[in-house]
Amino acid sequence: MTTRNDTLFDKSVEDRLAAEALIVDVDGFEGPLDLLLTLSRTQKVDLRKISVLELARQYLSFVEKAKELRIELAADYLVMAAWLAFLKSRLLLPPDPTEEGPSGEELAAHLAFQLERLQAMRDVAARLMARDRLARDFFPRGLPERMERVRRVTYSATLLDLMQGYARIRTRDEFRPFVMDRDKVFTMEEALDRMRGMIGFAGTWIDIASYMPDGWAADPVKWRSATAATFAASLELAKEGKVELRQSDTFAPIELRRREEPQ
Amino acid sequence: MGEQERMVEAILFASAQPVSVAELNGRMPHGCDAAEALVHLRKRYEGRGVTVVKVGDTWAIRTAPDLGFLMQKETVETRKLSRAAIETLAIIAYHQPVTRAEIEEIRGVSVSRGTVDQLLELEWIRFGRRKMTPGRPVTFVVTPSFLDHFGLESARDLPGLKELRAAGLLENRPPPGAMPKMGEGDIDDDEASAGQSELFED
Amino acid sequence: MGEQERMVEAILFASAQPVSVAELNGRMPHGCDAAEALVHLRKRYEGRGVTVVKVGDTWAIRTAPDLGFLMQKETVETRKLSRAAIETLAIIAYHQPVTRAEIEEIRGVSVSRGTVDQLLELEWIRFGRRKMTPGRPVTFVVTPSFLDHFGLESARDLPGLKELRAAGLLENRPPPGAMPKMGEGDIDDDEASAGQSELFED
């Protein structure tokens, strides 16, 4: 411990510069563990024999200096500082047998393990990246031959398909294209045509039912259509000013009379 | 194996294009003789799975011609025969020997060359004797392999229209009476079903 | 040279990607034994300009690494990986299957999304099975592409793997008591090592 303290205070100019560089370079460190690892390297010892106490001291003085220089430290640096301060106190004070939790030595050993493991990962990462690598040191086939896909198509059809196909053709004549069945529909246009030719004679009130086309009254479907068309045509003629309409009562017959031309 | 031969081997393998002797020499260390190394390499690959071939003035490694089949993957796809093909085939089967004009008359549409070719290729139809009518048109008949595929002893075993109907094969067409009508709601039930059954009668 | 060896040679030469024994057998005529042919072929190419290499469960032909200097033209400039990406890759390779929390515990910093994304995009890592720990976190493992890229037969051939294991540095040592949480160290030890040995074993 004393020897380490001495080395710390007898730091060469170079080490001092390095220590200052550490402070300015906070952003360059990937977290407190990274910084601790760098600090531990300055002890130039085997990571397994590292003095965690010394490391904690260095880290805490780093944080102090950073504060003096008003360098913004990320929260995890400060959390680590607090934890190291706690660890330091545990390592310095004689163990309290009543206290629960891991001993300072255990905590220190784990930190040393973490640092050693991180260093080991960095070493193997470097070894990995230094390996002969594909497309840099060794190469795949430059002119690969494509697997040619030969597609063979077989067609399937069953006897049922065949017979249904034939049936479809032979019965096509029985089909007829879709048309509206209009034979039971009397349109308003038809009613208008019919009525226009007749209203000239309607000098007196006549029930519009008498304008119904001949032969449409027997079939209820036809009757309904013709009634609607005749009524609509009557309204149309009234709108045009050709006729007048009247109805004496609800559901009473609607009567129609030619309108006299305005003089 | 000589160092220069190794180099030529590696370059030919990794290059995306066939490589000329000049380029080989350019890429190999000064003083190398790619042409000579190529001679050795070519001999080494004789009778192997891949061979060193000359392509114009350039060199490449290629699969041995007799192993080309390894680079192919056959996939079999089963497709349903098109409706046009089925109908054409059916007409030929029912009416053989039949000319193209006759097929078109029965189908009501022209028969494309592709449809006939496809059926010929499947070996389900073949050309029959020419008809003794003006123009002496060719006819089509079905083949034994057609009968084989459809499990028929002869084309005469194909069921007739009446049998098709009896078998219910004609039922799935929309009967004309089922078309929506104006004022349909007024038609009483008896009338509607009467109209329908009429259509289903022979 | 045996006919089967020729076939394996042709198929491996034709492909830029490693080919599995199953695929070789699938492409070769029925009854061939690609595995045996591979043994002979590998021996035949020892010391040559190209070599037969094993990549995980697959096989490929690659140029000899000492001839890389001839291939400036073929060299593919890869994006430089960040220090974080390199370390994360190494941790995944040596500790696989490993969760993001475990990576963070080892590195002492959080792993940014971009780092993992970059490695996934390179197809050097992929998602492994979920860990049977609370939250069932996903794990990461390295891929055959990773092995191919770094010329490794298997993850067992990672440089320094044995030494790291002997030194206990691949163990998941839970922190004693109240360590500051740099990620979560609460992984079940048995489960972790079981998963690992599974991946590193034959």
Side-chain angles (χ1 to χ4, degrees), chain A residues 28-37 47-48 74 76 78-84 86-87 100-111 113-147, chain C residues 10 12-17 27 50-51 53 60-68 71 74-78 81 83-84 86-87 89-91 93-95 105-110 145 148-152 158-161 163-164 167-171 173-182:
Chain A
F29 290 102
E30 284 208 75
L33 212 54
D34 191 16
L35 174 60
L36 275 168
L37 187 59
L47 275 171
R48 271 163 290 188
D76 53 353
L78 300 174
V79 171
M80 178 59 94
W83 184 79
L84 284 173
F86 161 77
L87 173 61
E100 287 188 14
S103 71
E105 272 76 24
E106 281 171 332
L107 295 173
H110 188 75
L111 179 62
F113 168 74
Q114 278 187 298
L115 292 176
E116 195 191 347
R117 182 174 60 182
L118 181 57
Q119 184 58 51
M121 281 300 119
R122 289 199 175 153
D123 292 343
V124 291
R127 282 175 74 181
L128 191 65
M129 299 315 278
R131 280 183 71 84
D132 287 333
R133 286 161 65 179
L134 185 70
R136 193 189 75 179
D137 304 295
F138 59 92
F139 295 82
R141 179 80 158 127
L143 198 63
E145 284 170 58
R146 287 263 165 73
M147 271 278 270
Chain C
L12 291 190
F13 256 89
S15 174
Q17 305 296 322
R27 285 171 67 177
V50 295
T51 54
V53 297
I61 295 181
R62 299 281 181 253
T63 62
D66 67 306
L67 298 177
M71 312 295 171
E74 279 75 31
T75 305
V76 180
E77 272 306 318
T78 41
L81 283 182
R83 197 178 99 178
I86 292 172
E87 283 180 23
L89 178 66
I91 290 167
Y94 285 82
H95 289 262
E105 216 257 331
I106 293 170
R107 292 199 65 227
V109 280
S110 61
S145 270
D148 193 18
H149 185 90
F150 291 98
L152 294 162
L158 283 165
L161 183 73
E163 294 91 313
L164 287 181
L169 290 170
L170 299 184
E171 284 163 27
R173 206 178 288 180
M179 272 288 283
K181 261 199 177 175
M182 326 277 251

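Throughout, protein chains are lettered first and strands after them, A, B, ... in sequence-line order, and every chain is numbered starting at 1.
Among A:D123, A:V124, A:L118, the residue making the largest number of heavy-atom pairs under 4.5 Å with chain C is A:V124. Heavy-atom pairs under 4.5 Å with chain C peak, among A:G31, A:A126, A:A125, at A:A125. For the set A:L143, A:D137, A:L87, the entry with the most heavy-atom pairs within less than 4.5 Å of chain C is A:D137. Between chain A and the residues C:T51, C:L152, C:L89, the most heavy-atom pairs under 4.5 angstrom are made by C:L152. Between chain A and the options C:G68, C:P65, C:A60, heavy-atom pairs under 4.5 Å are most frequent for C:P65. Note on C:A64, C:P159, C:A90: by heavy-atom pairs under 4.5 Å with chain A, the leading option is C:P159.
Sparse packing is recorded around CD of C:Q17, with 12 or fewer heavy atoms of other residues, nucleotides or ligands lying under 6.0 Å away.
Residue C:L12 does not touch chain A at all, counting heavy-atom pairs closer than 4.5 Å. Both the backbone and the side chain of A:R117 come within less than 4.5 Å of a heavy atom in chain C. For C:S15, the part lying near chain A is the backbone, with the side chain staying farther off; criterion is any non-hydrogen pair under 4.5 Å.
Minimum heavy-atom separation, C:A16 to A:P140: O-CB, 3.8 Å. Pairing each heavy atom of A:L33 with each of C:G108, the nearest pair is CD2-CA, 3.6 Å.
Counting heavy atoms from C-beta on, the side chains of A:R131 and C:H149 never come closer than 4.5 Å. When side chains are defined from C-beta on, C:L158 counts as touching A:L128, because their heavy atoms get closer than 4.5 Å. Side-chain contact between A:M121 and C:I86 is absent, with no heavy-atom pair separated by less than 4.5 Å.
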(request) Starting from the C-alpha separation in whole Å, work towards a yes-or-no answer on side-chain contact (heavy atoms from CB on, under 4.5 Å) for A:Q114 and C:R173. (result) CA-CA 9 Å; A:Q114 278 187 298; C:R173 206 178 288 180; over 6 Å; no
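In this structure, CZ on A:R122 lies 4.0 Å from CZ on C:R83, to the nearest 0.5 angstrom. With values rounded to the nearest 0.5 angstrom, C:F150 atom CZ is found 10.0 Å from A:L134 atom CG. Interatomic distance, CG of A:L37 versus CZ of C:R107, reported as 11.5 Å (0.5 Å rounding).
Cation-pi geometry between C:R62 and A:F138 is not met: the NZ or CZ atom fails to fall both under 6.0 Å from the ring centre and inside 45° of the normal.
Side-chain N or O atoms of A:R141 include one that pairs as donor or acceptor with a backbone N or O of C:F13 at under 3.5 Å.
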